[in-house]
Amino acid sequence: PIHALFVIPCVCVCVCFFCVRVYVRVCGYVRVLCMRVCMHVLCACGHCVCTCLCVRVTDAALSAHKDRAQVQLDVNRCHRRLPRDMSEEARADIQKQLVRVIVRLLARHRGIHYYQGFHDIVVTFLLVLGEDLTYLIMGQLITCHINDFLDADMTRTKSIIAYISPLLSLQCTELEEFITRSECAYYFSLSWLITWFGHVVESPDLACRLVDLFLASHPLMPVYLSTAWFQTTHPSRSSSPESQRCYPSSVS
């Protein structure tokens, strides 16, 4: 039947998508080739490969972009995110690619606004996928998973951070009360969320594993992980008098 020509492919795609999500949750991507294939499925961007990669922004347009200087400054400070055994020449090349990817995204998607920390997410993909595939994947992520962070102000970002308080109160009332008494709010977790923990995780393998988790989960998964991370690592879990002081400095 003619209907089968449409139903069967749709079913196959749905099954493939489900299997990829389950595999990533359990095993991670493991191999770069598998990671590349899985990312196309999870980000639903395989259909726009040719379109996105054929659209190029001229070097003159990249150099003239209003955020070009700030992007360059942030990229120059990202040495910690690069493998320690990488040569200086390779580092310089990766940084040039990183600047190009970010500015290309900003030039193509004019409704987004660059923020410090965006490069920490991009570089994780760049080290694994290369420049063109990173540009393609990030072009999808900025419309969904990290779209809230790319506004002109932090209104939506603040609303996301506010989710940590009720989540933490469900798991550990004492810790939530501790933060309330400190009058610190939860802005110490800002760098965790907007960089997908790239700013605080030193291991490239762990950074990639977290990307596995976030791509295969709901866009709010970083909030849940931030809550769990803070709950298990905060010094106020200790019984020492020093750790129980309710000062902002004792929270972060």
Side-chain angles (χ1 to χ4, degrees), residues 36 39-78 81-82 92-163 187 189-199 207 210-211 214-223:
R36 291 179 177 179
M39 282 186 174
H40 279 284
V41 176
L42 290 173
C43 293
C45 59
H47 65 282
C48 60
V49 173
C50 295
T51 302
C52 288
L53 295 185
C54 289
V55 176
R56 294 284 183 175
V57 181
T58 64
D59 291 339
L62 294 180
S63 300
H65 194 277
K66 63 182 181 65
D67 292 318
R68 174 65 167 74
Q70 183 59 57
V71 171
Q72 186 67 62
L73 288 174
D74 292 342
V75 169
N76 289 343
R77 295 193 291 261
C78 75
R81 295 299 318 283
L82 304 180
D93 186 53
I94 284 292
Q95 288 179 312
K96 289 179 181 179
Q97 293 180 42
L98 183 55
V99 171
R100 281 200 301 268
V101 169
I102 295 174
V103 180
R104 282 175 64 191
L105 288 168
L106 295 172
R108 179 173 173 78
H109 303 271
R110 298 186 179 182
I112 66 174
H113 300 267
Y114 177 75
Y115 65 86
Q116 289 181 286
F118 181 64
H119 67 289
D120 282 304
I121 297 178
V122 180
V123 73
T124 302
F125 288 92
L126 183 62
L127 290 172
V128 176
L129 302 178
E131 182 175 350
D132 285 335
L133 282 177
T134 296
Y135 173 74
L136 177 65
I137 297 296
M138 291 305 304
Q140 293 297 309
L141 291 182
I142 61 178
T143 66
C144 50
H145 284 65
I146 60 175
N147 182 258
D148 292 333
F149 307 140
L150 293 162
D151 289 345
D153 56 44
M154 293 184 59
T155 301
R156 286 201 292 173
T157 300
K158 290 179 180 178
S159 67
I160 292 176
I161 293 177
Y163 293 149
Y187 295 120
S189 63
L190 178 64
S191 64
W192 305 349
L193 296 173
I194 66 175
T195 68
W196 276 10
F197 290 84
H199 187 69
L210 290 175
V211 167
F214 298 149
L215 287 182
S217 306
H218 189 277
L220 287 178
M221 177 55 72
V223 175

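The two residues Ser217 and His145 come nearest to each other via the heavy atoms O-NE2, 3.7 Å. Across all non-hydrogen atoms, the minimal contact from Ile94 to Leu82 is CG2-CD2, 3.8 Å. Taking all atoms of both residues into account, the shortest heavy-atom contact from Val101 to Val122 is CG1-CG1, 3.8 Å. For Arg156 against Ser159, the heavy-atom pair with the smallest separation is O-OG, 2.6 Å. Considering all non-hydrogen atoms of both residues, Val75 and Cys78 come closest at O-SG, 2.9 Å. Looking at every heavy atom in both residues, Ile194 comes nearest to Tyr115 through O-OH, 2.7 Å.
Ring planes of Trp196 and Phe125: tilted class, angle from 30 to 60°.
Annotation: side chain of Thr157 is not in contact with side chain of Leu193 (no heavy-atom distance under 4.5 Å). No side-chain heavy atom of His113 sits under 4.5 Å from any side-chain heavy atom of Asp151. Within the 4.5 Å cutoff, side-chain heavy atoms of Ile146 are placed close to those of Met138. Side-chain contact between Arg68 and Val99: present, with at least one pair of heavy atoms (C-beta onward) separated by less than 4.5 Å. Ile102 is listed as a side-chain neighbour of Leu98, based on a closest heavy-atom distance under 4.5 Å.
Remark: Arg77 does not engage Asp120 in a salt bridge, criterion side-chain N to carboxylate O under 4.0 Å.
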Would Leu127 and Val123 satisfy side chain to side chain contact (heavy atoms under 4.5 Å, CB included), going step by step from the backbone distance to the final call?
CA-CA 6 Å; Leu127 290 172; Val123 73; 4.3 Å; yes
Given side chain to side chain contact (heavy atoms under 4.5 Å, CB included), test Leu106 with Val71 step by step and report yes or no.
CA-CA 10 Å; Leu106 295 172; Val71 171; 4.3 Å; yes
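In this structure, His199 NE2 and Leu190 CG are separated by 10.0 Å, a value rounded to the nearest 0.5 Å. Note that CG of Asp148 and CD1 of Ile160 are 3.5 Å apart. Values are rounded to the nearest 0.5 Å. Separating the CG atom in Asn76 from the NE2 atom in His119 is a distance of 9.5 Å, to the nearest 0.5 Å. Rounded to the nearest 0.5 angstrom, Gln140 CD and Leu215 CG are separated by 11.5 Å. Leu136 CG to Leu141 CG: the interatomic distance, rounded to the nearest 0.5 Å, is 10.0 Å. Atom CZ of Arg108 sits about 9.0 Å away from atom CD1 of Ile142, to the nearest 0.5 Å.
In terms of modelled atom types and a separation under 3.5 Å, the side chain of Tyr114 and the main chain of Gln70 share no donor-acceptor contact. Looking at His65, its side chain does come within 3.5 Å of a backbone N or O of Asp67 through a donor-acceptor pair.
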